[in-house]
Undergrad: 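Okay, handing you the structure first.
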Amino acid sequence: MPAVSKGDGMRGLAVFISDIRNCKSKEAEIKRINKELANIRSKFKGDKALDGYSKKKYVCKLLFIFLLGHDIDFGHMEAVNLLSSNKYTEKQIGYLFISVLVNSNSELIRLINNAIKNDLASRNPTFMCLALHCIANVGSREMGEAFAADIPRILVAGDSMDSVKQSAALCLLRLYKASPDLVPMGEWTARVVHLLNDQHMGVVTAAVSLITCLCKKNPDDFKTCVSLAVSRLSRIVSSASTDLQDYTYYFVPAPWLSVKLLRLLQCYPPPEDAAVKGRLVECLETVLNKAQEPPKSKKVQHSNAKNAILFETISLIIHYDSEPNLLVRACNQLGQFLQHRETNLRYLALESMCTLASSEFSHEAVKTHIDTVINALKTERDVSVRQRAADLLYAMCDRSNAKQIVSEMLRYLETADYAIREEIVLKVAILAEKYAVDYSWYVDTILNLIRIAGDYVSEEVWYRVLQIVTNRDDVQGYAAKTVFEALQAPACHENMVKVGGYILGEFGNLIAGDPRSSPPVQFSLLHSKFHLCSVATRALLLSTYIKFINLFPETKATIQGVLRAGSQLRNADVELQQRAVEYLTLSSATVLEEMPPFPERESSILAKLKRKKGPGAGSALDDSRRDPSSHDINGGVEPTPSTVSTPSPSADLLGLRAAPPPAAPPAPSGAGNLLVDVFSDSPATQPGLGPSPEEAFLSELEPPAPESPMALLADPAPAADPGPEDIGPPIPEADELLNKFVCRNNGVLFENQLLQIGVKSEFRQNLGRMYLFYGNKTSVQFQNFSPTVVHPGDLQTHLAVQTKRVASQVDGGAQVQQVLNIECLRDFLTPPLLSVRFRYGGAPQSLTLKLPVTINKFFQPTEMAAQDFFQRWKQLSLPQQEAQKIFKANHPMDAEVTKAKLLGFGSALLDNVDPNPENFVGAGIIQTKALQVGCLLRLEPNAQAQMYRLTLRTSKEPVSRHLCELLAQQF
Amino acid sequence: MIGGLFIYNHKGEVLISRVYRDDIGRNAVDAFRVNVIHARQQVRSPVTNIARTSFFHVKRSNNWLAAVTKQNVNAAMVFEFLYKMCDVMAAYFGKISEENIKNNFVLIYELLDEILDFGYPQNSETGALKTFITQQGIKSQHQTKEEQSQITSQVTGQIGWQREGIKYRRNELFLDVLESVNLLMSPQGQVLSAHVSGRVVMKSYLSGMPECKFGMNDKIVIEKQGKGTADETSKSGKQSIAIDDCTFHQCVRLSKFDSECSISFIPPDEEFELMRYRTTKDIILPFRVIPLVREVGRTKLEVKVVIKSNFKPSLLAQKIEVRIPTPLNTSGVQVICMKGKAKYKASENAIVWKIKRMAGMKESQISAEIELLPTNDKKKWARPPISMNFEVPLAPSGLKVRYLKVFEPKLNYSDHDVIKWARYIGRSGIYETRC
């Protein structure tokens, strides 16, 4: 840099600055600046041209004023003029002003670019550098567009000076970072790589920075740099400290360059060329060796430079992750740093070790330092170092040391800094779950966690505990006991109350046997926390209370008292109020009693059926039908719009199609409405409640008005005697359709373009009633519509079916209903046939279907204990009494579905009978008028082979076989 | 109630710190300095809330007076107190400068102890204070018992502002009506807003405890009194003025003002402010400014300003100063004026034209050529208004003192023996004309 000549002192500037500094108040400063600005304005305005010196001086002042925070809106032109000066100082000030104050002002930017261009083209290296610096400092898109092509040329030109190359490399780096798309890739990239061989270390350093940045985007273009970098690195590493005079920093040769080279190497995988690799490994080893040497200087700069190289070497080793020897050495080296008195070194060592711990080669080596790390966690003064220690503990944790690490972390948590508590809580939770050997330890750990740092335990953590406890039977009792004990602490965290409330509500019965934790004690313990909790927790606790009512009937009165209290029933919070009101009502009803098993039923198809026939029958009732909510309420008593005016009891059958919410099955005793009773899905399982089932059933069998029973009895003919010649053979799919109804009672039996037939049926004992719904899907009336039931063979002696006549015309879009009363006289094998005949648009249509009445419909489920079952099983040991079938599963093997099907089939499901819990065992009695057939069944699924083995034993041989066949088709 | 009071110099260094209540911590001093004095952006609101603490500040010649409180106080009361405090200090040691404060800090603490008690303002009447807070500490030893008891009875008595037993050879009183007139006028000469805020300041040198009665041409008073004589009403009707609102010194008997609209009082010794008032109607504007600005191209501006004096030719206005703002990119100014001196002040971005004296019903003008430097900023100059300062010997509100009667029944001097002086001074407040 040219020496500042005496005349360049700029006294005026110095005076101005000292004036500003001496100003006593802001106002005085503003006055002084206004004065100066006016002065500069008058100078710039003046007609006679200013000489370079004063121009420079005033531009300097403007710059100073701008940096003080005032707006400058003139002087740009003068600054641009300075750029064309031949004096270094003037040019420099010009560039400085431009770099600081330039905005993308169209007219000026052209002048500036022009000046820069001139300087770049000049042979003067100082000017070229100034121009490059200006481009880099402004770094705007416009600058990039103008010069991105020139700079690479300067960079690789043979005749550029070293300092210019250096500046050009850095300038290009800046432009590339600002707008990567502007820098054109070309043949220069190959030549840039060779700058690594440059004699001048400064050029190499700048080039390495540039290459590191560029190769991240296009690694392939710069692949060759690896070998060059390795050789350069090995030259530096092996050089004596005096070799690189200017670039030796406190006895360390070129530390920055080394670090940058190591970082560049981290962009690539380990070199494939063995020679290069060998050389590199040698370098790395040398660095590691050098770390062991005694320091050449006591100065901190020396050790800093040395350690910088060392750490970068280690991260390269970690990056390669292929040299076990080096990894272990690196780990040992870091181990030494763990106890260094320099905090920064300890921090860096812990940080690097974290990454080392994830490498398979060094994981064990890292684990040897566990005590040091734990110690660091406890004694370290700096919170960031402690955090790294916690990170490292987390990283080095595995099954062998999980217990130790988790317990240490928990202990640390009590005194941990607030900033890192949440993180540690999460880590503990993750580790505890990941490496839990027994779940009681897991539960203990998490409960401890909530106790120590409840505030930092996020929702997910305690949700997870509940999930695990709920899914693991073996820890439920332990968890209940532990939370019970934890809740006894005088002050426990709200999260603990939540966990406690949930677990006690679910599994409190497991510890209820102990008088110290009897149900009232559990309840009063939970309730003592109630008032200290937030709304969400209170809501959870209310749910727990209702669970208690269910689990422990003796607490019912107390809990109802709590729910009834004004503070709950009239709580300002809607959620709590609603819960209290609803739970109170639920608790006084029998709703909470255990749900009886109910057969699956087909609801959506019937719903569809109904929707289809809807439009034809616009009536006032439409509104209630369209309102979706009215469907939900348990089928309700929703009248069916129908051309055949069917009165209410049967009409609401269709309403049942909407699945009732599981929480609200009809209460048999509470609901005096018999209709509800019979139409509920589990009539058979509620014997003894309300009117006796037979009575109820029979009373309902009475046909609804206007048809009287007499009419029914008086005209059995169409049902009984259709004449066989009229009946065609059943349609091919009849068997398939029948199969659908083996395990359920409701659904669509048949559907084509014209007609849809829906079925709804109930069976009790040996009696059954079936509703057939004939829906006309067309818009044309069906004429001579006559459905009849036919008994093929001697079925009539086995099964009595009474049919009611239906109207012979079915309007377009309308639906008619037919009721069949069925009585099973004896066991039967073939189902009756249903023949439907009608004229559609003059053309006669006929259809024969199998009526979905199979022997299993008259199944009465029988509950029995294991030993009874086996006793009976043995009694039925004759070979002809048993029917067995091994078959492949047609449907996915889902235990729940299977269970539902078996229940739908009609047998009772017996738990805890078969030693293998996967197997299903059922029992039931087939009721016919003449006799009863006991029936035992066993279904053994084999999940691997996707096979089932079904064994049935009944007292009658054909029944066994028939049932076996029927049932086998269901799976 | 005021929790504490701080005085800072321009740098934010604490000169005086007096805390009256425990709820004000030591850090309050720093909070104000950091958030107000050293704030990055200039704080313009006189009330600042920092961390539930309110700071009320006034500035006096680069020194900051800040009252602090955590309670919900009457802000007007706090400011009234702060102004009073400034008056008291000025009465004791003149200008409130950093140096004066430093030199008198013992006195200031003494005053602060006296005029604020547990944050409640006490007697802040300078006359009364001066009887027992003096700058010569030894003097109190020479005070006789009677004197001391007299002070006590005065300070705690009904008339706390006036000492008993004062005797003057010449009973004399001075009455100053000081008004400042504020105006904003459009370039076309339309009055956009105008009001006068005035004070009646009295300086009394009267013996004993005289009862005074002050009369002026207030519309309400005139109408009330003029009921009987219709003749007088018609004569003075034109001259009466409408006062929008007024406040009185504590010595004025407000009950009597309410019932009879008469201002009667026992004046304190020496100078005090008898009343303050404000009027907005029928204001006499002493000067009219007629601006003429012409832009000649991008680099030149021609400004011509004419001022006309609008009062009796016999009166002389003084200290006239017209301030014509110049654009921010002014690079040179040439001024020509007939009267007075005009100068371009770059530091203030304005042309300042000063005229020492000017009689009524005269007219004077200035013309200036302003050269501009073209800038690359597209912002247009906002053209701030031309402002003016002056002093005229008349009350722009039209207020006239009708009488000031003095009765002293105990001592034998009558109203005629008192020498009375009255003078009217009208000053400019913010007197601006847009251009």
Side-chain angles (χ1 to χ4, degrees), chain A residues 16 19-50 54-55 58-59 61-62 65-66 68-81 97-98 100-112, chain B residues 8-13 15 33 36-44 59-64 97-99 297-301 323-335 343-352 368-382 384:
Chain A
F16 172 60
D19 276 1
I20 295 278
R21 297 234 166 108
N22 288 336
C23 282
K24 285 213 166 172
S25 64
K26 192 99 189 158
E27 292 79 42
E29 185 184 310
I30 289 168
K31 275 189 177 174
R32 181 70 184 88
I33 286 170
N34 279 339
K35 194 175 157 196
E36 194 60 47
L37 283 177
N39 178 34
I40 298 171
R41 279 196 298 262
S42 67
K43 292 284 197 240
F44 283 174
K45 177 80 185 178
D47 297 329
K48 63 173 188 320
L50 285 172
S54 20
K55 225 182 249 176
Y58 293 128
V59 168
K61 281 183 182 177
L62 285 180
I65 292 169
F66 177 76
L68 279 176
H70 299 267
D71 278 343
I72 297 296
D73 51 6
F74 65 100
H76 299 75
M77 200 56 218
E78 283 69 19
V80 173
N81 286 343
F97 187 90
I98 301 291
V100 175
L101 266 131
V102 87
N103 43 13
S104 33
N105 189 315
S106 57
E107 51 211 271
L108 276 180
I109 212 90
R110 232 172 342 107
L111 289 171
I112 295 167
Chain B
Y8 303 82
N9 69 2
H10 72 280
K11 290 183 206 152
E13 293 165 344
L15 304 177
R33 179 175 55 227
V36 180
I37 302 180
H38 291 162
R40 201 162 291 163
Q41 273 165 345
Q42 201 191 347
V43 175
R44 302 180 73 180
K59 249 181 122 177
R60 280 284 181 279
S61 58
N62 270 336
N63 296 300
W64 302 71
S97 64
E98 184 181 345
E99 202 177 294
R298 275 191 72 200
T299 59
K300 210 169 176 187
L301 203 66
R323 182 177 290 264
I324 304 158
T326 55
L328 293 174
N329 55 345
T330 305
S331 59
V333 178
Q334 272 95 51
V335 198
K343 208 181 158 190
Y344 167 58
K345 284 204 170 170
S347 58
E348 290 154 39
N349 282 325
I351 299 167
V352 179
E369 255 178 36
I370 301 172
E371 279 180 79
L372 303 175
L373 187 75
T375 64
N376 39 20
D377 241 8
K378 296 285 176 284
K379 269 187 284 176
K380 213 168 177 292
W381 181 46

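Chain letters run A, B, ... following the sequence lines, proteins first, then strands; residues in each count from 1. Here the structure is a predicted model, which means the values were calculated and not measured. All values below were derived from every heavy atom in this structure, side-chain atoms included, with hydrogens, water molecules and symmetry-related copies excluded.
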Undergrad: Would you give the length of the straight line joining atom CG of Asp71(A) to atom CG of Leu328(B), rounded to the nearest 0.5 angstrom?
TA: 9.5 Å
Undergrad: Taking the side chain as every heavy atom from C-beta outward, state whether Glu371(B) and Lys45(A) have any atom pair closer than 4.5 Å.
TA: yes
Undergrad: For Lys59(B), I'd like to know if atom NZ has over 12 heavy atoms of other residues, nucleotides or ligands within 6.0 Å.
TA: yes
Undergrad: Give the member of Arg32(A), Glu36(A), Lys31(A) that has the highest number of heavy-atom pairs under 4.5 Å with chain B.
TA: Lys31(A)
Undergrad: Nearest 0.5 Å, please: how far is CD in Glu27(A) from NE2 in His10(B)?
TA: 10.5 Å
Undergrad: What part of Asn329(B) is in contact with chain A, defined as an atom under 4.5 angstrom from a non-hydrogen atom: side chain, backbone, both or neither?
TA: both
Undergrad: Once rounded to the nearest 0.5 Å, what's the spacing between atom CG of Leu372(B) and atom CZ of Phe74(A)?
TA: 12.5 Å
Undergrad: Return the minimal non-hydrogen interatomic distance between Ser42(A) and Ser331(B), and the atom names on each side.
TA: CB-O, 2.8 Å
Undergrad: With a 4.5 Å cut-off on heavy-atom pairs, point out which of Met77(A), Arg41(A), Lys35(A) contacts chain B the most.
TA: Arg41(A)
